[in-house]
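Okay, structure first, notes after.
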Amino acid sequence: MKILISADMEGATGVTWPADVLPGTPQWERCRALFTSDVNAAALGFFDGGADEVLVNEAHWTMRNLLLERLDERVEMLTGRHKSLSMVEGVQHGDVDGIAFVGYHTGAGAEGVLAHTYLANSITGVWLNGTPASEGHLNAHVVAEYGVPVVLVTGDDLTCADALGYAPGARTVAVKDHVSRYAAVCRPPARTAADIRAAAKEAAALAVRHEPVARGPFAVEVEFDAAHLSAAATVVPGVESAGERRVRYASATMFEAIRTFKAVTTIVSAAVEEQYG
């Protein structure tokens, strides 16, 4: 059994503030250890449950945040940027039986600790076939096309509630309870590590590959906080204006949809000015 862990940082134990997740800050250095603890606990739980292999795909910011030296020696880690499938890179090779979303968060425009979708700000909402979509929602549709079930989700309590919509059978662990976008009631790492490990052990039984699910075509809409950003996004082929601050596009598969979304966010990120957005 092979498990892929897609590891994001905003939903990690103790993380509540932008500086907690911004590479190079003192708080980021501190929170890297908390993030690594969550990921390692998930890996240990999957090994407890019978996994033979665990591959961790770094999925936050520069994708170079986890402390490799603190992971169990059986784990392998894919780190660094510019991957074909970004947050779920590795799922496409036909050897993954289940995927875990560790350290995830809610989507842009929603309540939740450090809620966003791909860009920390700028994007105010994403809709997939008319339904508000978080990163977990988008990534779950991607992995379904490869026959891989989402078996575990960790993050704040609202992230766990969000997971019920895209992975109702998955085990969930709330490592903190949302108070505001920048505040939460947090549980210590010793406690969250134990909870995550126990949930991952149970989740291993859910890691059963199935026939790929083709749910396309997909209609994606993205809303921004400024009109010039939506204009910039229309540079991407197939992306058209859907209002003053909104764009839309259609894709036959989720593979194509997520790659177009990645192109849109890259273009828009380059169009953001430091002070005025």
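Worth knowing before you read on, the calculation uses all heavy atoms, side chains too, and leaves out hydrogens, waters and symmetry mates. Note that this is a predicted model, so its numbers are computed, not measured.
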Treating [X] as the side-chain partner and [Y] as the backbone partner, does any N or O pair qualify as donor plus acceptor under 3.5 Å?
X	Y	result
Tyr118	Phe261	no
Asp20	Thr16	yes
Thr172	Val153	no
Ser37	Ala33	no
Thr234	Glu240	no
Ser86	Lys83	no
Glu10	Val15	no
Lys262	Ser84	no
His105	Gly103	no
Ser251	Met254	no

Under 3.5 Å, which donor-acceptor pairs do the side chains of residues 214-231 form with other protein atoms, sequence neighbours left out?
unit_1 : atom_1 : unit_2 : atom_2 : d
Glu221 : OE1    : Arg246 : NH1    : 2.8
Glu223 : OE1    : Thr124 : OG1    : 2.8
Glu223 : OE2    : Arg246 : NH2    : 3.2
His228 : NE2    : Ala271 : O      : 3.4
His228 : NE2    : Gly277 : O      : 3.4
Ser230 : OG     : Ala227 : O      : 2.8
Ser230 : OG     : Glu244 : O      : 2.9

Side chain to side chain contact (heavy atoms under 4.5 Å, CB included) between Asn139 and Tyr104, intermediate numbers included: CA-CA 11 Å; Asn139 290 336; Tyr104 269 48; 3.1 Å; yes

Side chain to side chain, [X] and [Y], heavy atoms closer than 4.5 Å:
X	Y	result
Val175	Ile196	yes
Leu152	Phe101	no
Asp8	Met87	yes

Between Asp177 and Arg187, does any side-chain N to carboxylate O distance fall below 4.0 Å? yes

Matching residue for Arg64 among Leu68, Leu66, Thr62 - test: side chain to side chain contact (heavy atoms under 4.5 Å, CB included): Thr62

Please say yes or no: joined through hydrophobic side-chain contacts below 4.5 Å, possibly via intermediate residues, are Val88 and Val126 part of one cluster?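 Shared cluster, yes.
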
Cluster question for you: counting only ILVMFWY and a side-chain heavy-atom cut-off of under 4.5 Å, with indirect links fine, are Val56 and Tyr146 together?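 The answer is no; the residues belong to distinct hydrophobic clusters.
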
Within 45° cone of Trp28 ring axis and under 6.0 Å: Arg30 NZ or CZ: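 No - Arg30 does not lie over the ring of Trp28 by the 6.0 Å and 45° rule.
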
